[in-house]
Amino acid sequence: MRFFVGSRVGIAACALVILGVAVFSTVTDPHGGMSPTLLAVMVVQAAALVVRPTAPVPVWIICLAGYIAVGVAGEWAGGAAAMCQVALLNLALARGGRPLAVAAVITFLVVYAVVLSYEPPGSLPGIGFTMIAWTIGAAGFGVALRARRDQVAAAEDRARWAVETREAEAQRRVAEERLRIARDLHDVLGHHVAVIRLHTGLARRSVRSDPDRAETALREAESAGQAVLREMAGMLQVLREPGQGDTAGPAPGLADLDPLVATLRSGGMDVTVERDGDPGRVPDLVGLTAYRVVQELLTNARRHGSGPVALAVRVTGDAVVIRSSNPASVDGRLATSGHGLIGMRERVRATGGHLEILEGDGTFTVCATLPLQPEGATPR
């Protein structure tokens with residue numbers, strides 16, 4: 001609430017002032033009562049305060065002018081003076097500092113100057129102290145109300161900012177989760193589809209010349225298809241039941257590279273693996289990221305490369321270094337961009353590592369360095 005007098009409390013205050021002055025006039029002068037001039041002026045003052053509280057300075061001037069008019073008419077103007085104090089309170093709610101101090105001084109001087117015209121000299125000191133108390137009280141009460149109002153507004157702003165920040169953070173996390181799910185889907189589906197294509201192609205080529213080999217290849221393709229269904233079921237379970245992700249099974253790591261490579265080898269892909277270091281020192285987050293990077297490297301090599309793939313996985317003192325080299329495709333389809341490589345970059349960057357992609361002399365090489373103390377959020 002910006003202005004006190006515009007509220008129902010302010011309207012009640014104006015009504016109480018008029019009623020109090022009427023009662024006081026009746027008690028002190030039973031025969032005369034409240035003069036019509038004073039009543040008319042106070043009604044005008046109250047109307048200005050109620051109708052236009054958002055223009056505190058003009059309303060304050062109107063109230064002072066009405067008070068002066070009553071005093072010039074030679075009548076008791078105490079009631080109009082009280083309305084001037086209410087106008088000063090309303091002004092204090094809107095203005096502070098020097099403007100309020102100037103208005104308070106002017107209010108006191110005008111009120112006291114009019115009092116000098118009709119009050120006996122002996123009562124002037126007491127009336128002066130009373131006017132000072134009224135003026136300071138009105139201005140001080142208005143300042144206190146304004147300070148309280150500003151505190152409430154600041155608290156509301158902080159609460160609104162907290163809600164907006166919380167919503168922005170929730171949206172950011174949703175976006176990150178969608179990106180993570182997209183990366184996982186790309187890595188898992190891309191790898192298994194590549195395996196299925198590899199084995200079905202092998203089965204097609206050998207179905208007449210070597211039926212046993214074709215049957216084995218089809219079994220491998222069937223296993224890859226079942227693996228796709230298991231991975232999809234696990235991801236859907238995580239999406240449907242947040243917080244129940246552990247039921248989808250343990251995340252793969254460096255210990256699961258052998259089955260990954262064996263699946264591709266059984267389909268006819270030439271993969272050599274060189275290892276160095278202790279994989280037991282690798283945290284789960286880094287192990288999962290390393291597994292996904294190797295999975296995507298081999299899938300990329302199968303789709304776009306040609307010839308054998310040389311894979312090296314080394315655990316050093318502070319990082320896991322993964323290096324993959326294979327002959328580039330003769331048609332140049334293997335590029336340094338694409339969803340797979342973008343996903344690898346994002347995974348590696350999420351752990352605080354870096355990814356290098358090199359092309360030259362007909363060889364495509366990718367080197368990923370993952371620190372053993374990762375930074376950022378833990379992917380699934």
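Just the heavy atoms: all of them, side chains too, but no hydrogens, waters or symmetry mates, feed the values below.
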Under 4.5 Å between side-chain heavy atoms, hopping through other hydrophobics if needed: is there a path connecting [X] to [Y]?
X    : Y    : value
F364 : V273 : yes
V57  : V111 : yes
I62  : M42  : no
V44  : L89  : no
V152 : F141 : no

For the atom pair [atom1] ([X]) and [atom2] ([Y]), what is the distance rounded to the nearest 0.5 Å?
X    : Y    : atom1 : atom2 : result
R345 : E356 : CZ    : CD    : 9.5 Å
L370 : T289 : CG    : OG1   : 6.0 Å
D150 : L93  : CG    : CG    : 9.5 Å
W60  : N90  : CH2   : CG    : 12.5 Å
D318 : T369 : CG    : OG1   : 9.5 Å

Are side-chain heavy atoms of [X] and [Y] found at a separation under 4.5 Å?
X    : Y    : answer
L218 : L202 : no
I322 : L311 : yes
I61  : L64  : no
V315 : D278 : no
L298 : V271 : yes
C84  : Q45  : yes
L372 : P283 : yes
V41  : Y67  : no

How close do [X] and [Y] get, heavy atom to heavy atom, and via which atoms?
X    : Y    : value
A87  : C63  : CB-SG, 3.7 Å
G287 : V282 : N-CG1, 3.5 Å
V321 : C367 : CG1-SG, 3.9 Å
A290 : L254 : CB-CD2, 3.6 Å
P371 : V286 : O-CG2, 3.3 Å
V293 : A368 : CG1-CB, 4.1 Å

Problem set entry | D157: salt bridge (charged side-chain N to carboxylate O under 4.0 Å, His left out) partners, not counting sequence neighbours |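 Scan of D157 (salt bridge (charged side-chain N to carboxylate O under 4.0 Å, His left out), adjacent residues dropped) gives R160.
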For this session: Return the set of residues passing salt bridge (charged side-chain N to carboxylate O under 4.0 Å, His left out) with R275 (not counting sequence neighbours), or none when no residue passes.
Result: D258
Problem set entry | Audit row: L257, L260, side-chain contact (heavy atoms from CB on, under 4.5 Å) steps and yes/no | CA-CA 5 Å; L257 291 183; L260 178 66; 4.3 Å; yes
For this session: Check side-chain hydrogen bond (donor to acceptor under 3.5 Å, both in side chains) between E274 and all other residues, then give those that pass, not counting sequence neighbours.
Result: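 Testing E274 for side-chain hydrogen bond (donor to acceptor under 3.5 Å, both in side chains), a comparison that skips the adjacent residues, returns R314.
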For this session: Mind jotting down which residue pairs meet the salt bridge (charged side-chain N to carboxylate O under 4.0 Å, His left out) criterion with at least one end in residues 262-271? Sequence neighbours excluded, please.
Result: none
Problem set entry | Listed once per pair and sorted, the salt bridge (charged side-chain N to carboxylate O under 4.0 Å, His left out) pairs that draw on residues 201-218, sequence neighbours left out | E215-R219
Exercise. For T316 and D276, what are the C-alpha separation, side-chain angles and deciding distance, and is it a side-chain contact (heavy atoms from CB on, under 4.5 Å)?
Worked result: CA-CA 8 Å; T316 65; D276 187 25; over 6 Å; no
Exercise. Between the main-chain N or O of L355 and the side-chain N or O of R349, is there a donor-acceptor pair closer than 3.5 Å?
Worked result: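 Between the backbone of L355 and the side chain of R349 there is no qualifying donor-acceptor contact (under 3.5 Å).
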For this session: With sequence neighbours left out, write down each residue that passes side-chain contact (heavy atoms from CB on, under 4.5 Å) with T363, or none if nothing qualifies.
Result: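 Per chain and number, T363 pairs via side-chain contact (heavy atoms from CB on, under 4.5 Å) with S325, T365.
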